[in-house]
Number of protein chains: 2
Amino acid sequence: MLARRLRAAGSLSTMDEVMLSRLHWDVVDIPAKTDFLKEGDRPNRCCLLIDGLIIRSNFTQGGERQIQSVHIPGDMPDLQSLHLKQMDHYIGTVSPCRVAFISHDAILRTLERSKDLTARFWRETLIDAALYRAIIVRNARLGSTERLAHFICEMWCRFDAVGLTDASGFPFAMTQEMVGQVLGLSIVSVNRSMQLLRAEGLVVWDRGRIDILDWDRLAGLGQFDPTFLHLDD
Amino acid sequence: MLARRLRAAGSLSTMDEVMLSRLHWDVVDIPAKTDFLKEGDRPNRCCLLIDGLIIRSNFTQGGERQIQSVHIPGDMPDLQSLHLKQMDHYIGTVSPCRVAFISHDAILRTLERSKDLTARFWRETLIDAALYRAIIVRNARLGSTERLAHFICEMWCRFDAVGLTDASGFPFAMTQEMVGQVLGLSIVSVNRSMQLLRAEGLVVWDRGRIDILDWDRLAGLGQFDPTFLHLDD
DNA sequence: CGACCCTTTGAAAGGAATCAACTTATGTGG
DNA sequence: CCACATAAGTTGATTCCTTTCAAAGGGTCG
């Protein structure tokens with residue numbers, strides 16, 4: 001899973017493949033809606049999401065949650081903890097998740113022996129940052145329906161990049177309330193925007209699954225340009 | 001300048017200091033309001049800001065600018081280009097800037113010889129990402145005046161961390177319109193929020209200089225917690 | 001002095017939030 | 001298998017904050 005993801009930036013050397021395959025992973029199942037990393041924590045390991053959805057979020061003093069990123073299988077949502085010791089946010093599951101943990105020490109020992117692997121792990125964190133930048137623009141400058149369209153396009157592309165889409169759709173376990181916490185919108189706005197997209201024949205979102213009916217118009221509406229995903233440079 | 005910044009995460013070894021001091025920098029002056037890196041560019045060098053203010057921004061299809069980050073002396077605003085080949089945003093000056101360029105090759109050759117320096121450069125990009133995350137929460141969940149207060153607190157802390165503050169304030173060359181492009185607000189809202197902060201006796205912003213009169217109340221209003229800056233882990 | 005840029009002000013319009021139901025799924029136990 | 005409880009989605013009415021529009025001050029610099 002990890003090797004497949006890292007190969008998105010070009011093939012790995014045989015030695016790097018071997019080193020990755022020898023890493024000791026601790027596979028754990030985590031129930032839905034569980035924050036397993038909290039603000040202030042100082043973890044000594046990272047996780048690789050194998051199955052499920054994970055969100056990164058923070059709270060205002062009033063207790064409102066803002067989701068900063070949504071992670072899909074193949075992502076390492078807390079890779080930044082390798083060099084930023086203290087967590088400044090929460091990491092939690094949306095749906096029941098299978099997660100593989102690996103110690104910081106093991107990663108660091110492996111990276112010491114391959115500058116190419118170091119570059120690829122570093123690059124993964126840089127792509128995370130590119131997604132944040134796109135989110136800042138989307139949430140500040142697009143209207144509610146455009147934001148939702150953009151978000152759905154992003155999710156499609158990322159699911160597609162790891163082979164988790166079928167002909168027209170992908171599984172998507174978030175609620176409308178959570179999507180509101182991603183986009184900085186109320187649940188009512190998300191609902192109405194979704195109805196617009198549905199009425200226009202662009203998207204169907206039903207029972208944990210999104211199907212895209214008209215990619216071109218959806219991407220046009222959301223001003224979606226996949227460059228920021230850096231799926232291939 | 002760079003060494004000072006990197007030392008924020010602990011002292012450097014003598015060998016690392018020597019390697020840094022031997023890097024060849026190309027020092028250039030860039031006039032105000034100039035985007036010297038554009039979306040789609042594939043730069044082969046990075047820059048270190050020595051003096052002035054630099055912004056990272058993107059545009060909607062309607063031509064509205066959203067500023068994603070503000071960079072102050074000591075920052076390397078385009079360090080991500082080391083491993084993300086294609087620019088997905090613009091980098092430009094606010095005020096006249098002095099910038100030192102260094103080739104990717106030179107950085108990579110240096111980092112190959114020091115895993116500690118690699119970690120510190122990597123960490124710089126991770127802190128950038130932490131700032132983006134804080135911006136996502138701030139711009140989505142805080143009201144206009146709170147956003148402005150939070151932004152001013154962030155700027156103060158970062159200027160202070162590189163020794164560019166005096167007793168109560170720091171130089172700040174942005175216009176209200178630009179701050180609006182940072183916070184996702186209209187210039188009118190920025191102006192009115194600023195008047196509120198001024199009337200409350202929290203901040204004075206006049207002629208390219210910000211002075212903070214009441215840090216505690218300002219930070220309280222902006223729900224500002226400097227943890228996300230990772231100034232010391 | 002005048003042009004230009006930036007700040008400030010007032011009034012009106014608009015989009016999203018909020019509030020408060022109601023409806024539809026999902027799930028549990030009797 | 002149905003009764004009930006709970007979670008998620010839907011709807012309408014109202015309120016509020018921010019934007020937009022338009023114009024007037026204020027500084028700075030050639």
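In what follows, chains are A, B, ... by sequence order, proteins preceding strands, each numbered from 1. Atom set for the values below is all heavy atoms of this structure, side chains included, hydrogens, waters and symmetry mates excluded.
- The CG-C1' distance, from B:Asp206 to D:dG26, rounds to 11 Å in whole Å.
- Here the CD-CG distance, from B:Glu64 to A:Leu142, works out to 8.5 Å after rounding to the nearest 0.5 Å.
- Without hydrogens or angle criteria, A:Arg7 side chain to A:Leu2 main chain gives no donor-acceptor distance under 3.5 Å.
- Rounding to the nearest 0.5 Å gives a distance of 10.0 Å between CG of A:Leu202 and OG1 of A:Thr145.
- The nearest whole Å value for the distance from the CE atom in A:Met194 to the P atom in D:dT11 is 13 Å.
- Distance check: B:Arg141 CZ to B:Ile136 CD1 gives 12.0 Å after rounding to the nearest 0.5 Å.
- Using bins of under 30°, 30° to 60° and over 60° for the plane-to-plane angle, the ring pair B:Trp156/B:Trp215 lands in the tilted bin.
- Regarding contacts with the backbone of D:dA8, every side-chain N or O of A:Thr175 stays at 4.0 angstrom or more from both OP1 and OP2.
- Computed from coordinates, the B:Gln176 CD to D:dG25 C1' distance equals 14 Å when rounded to whole Å.
- Here the P atom of nucleotide D:dG25 and the CD atom of B:Gln195 are 15 Å apart, to the nearest Å.
- If you measure from atom CG of A:Leu185 to atom P of D:dG9, you get 15 Å, rounded to the nearest angstrom.
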Please list, for nucleotides 20-24 of chain D, all pairs of protein and nucleotide N/O atoms separated by less than 3.5 Å.
none

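- In this structure, B:Phe228 has its ring center closer than 6.0 angstrom to the ring center of B:His150.
- Once you apply a 4.0 Å limit to the heavy atoms of chain B, the touched nucleotides of DNA chain C run 5' to 3' over C:dC6 to C:dA11.
- Rounded to an integer number of Å, the gap from B:Arg147 CZ to D:dC17 P is 13 Å.
- Residues meeting the ring-ring contact (aromatic ring centres under 6.0 Å, His included) test with A:Tyr90, sequence neighbours left out: A:Phe59.
- Distance, A:Asn191 CG to D:dT10 C1': 5 Å, rounded to whole Å.
- Among the protein residues, A:Arg198 comes within range of the sugar-phosphate backbone only, with heavy atoms under 4.0 Å from sugar or phosphate atoms but none that close to a base.
- Rounding to the nearest 0.5 Å places CD of A:Gln68 at 13.0 Å from CG of A:Leu131.
- At the heavy-atom level, B:Gly184 lies under 4.0 Å from the strands shown only through sugar-phosphate atoms.
- Protein atom CG of B:Leu183 is 18 Å distant from nucleotide atom P of D:dC17, rounded to whole Å.
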*Check the pair B:Arg138 / B:Glu146 against salt bridge (charged side-chain N to carboxylate O under 4.0 Å, His left out), numbers first and verdict last.*
CA-CA 8 Å; B:Arg138 167 222 276 163; B:Glu146 293 142 23; over 6 Å; no

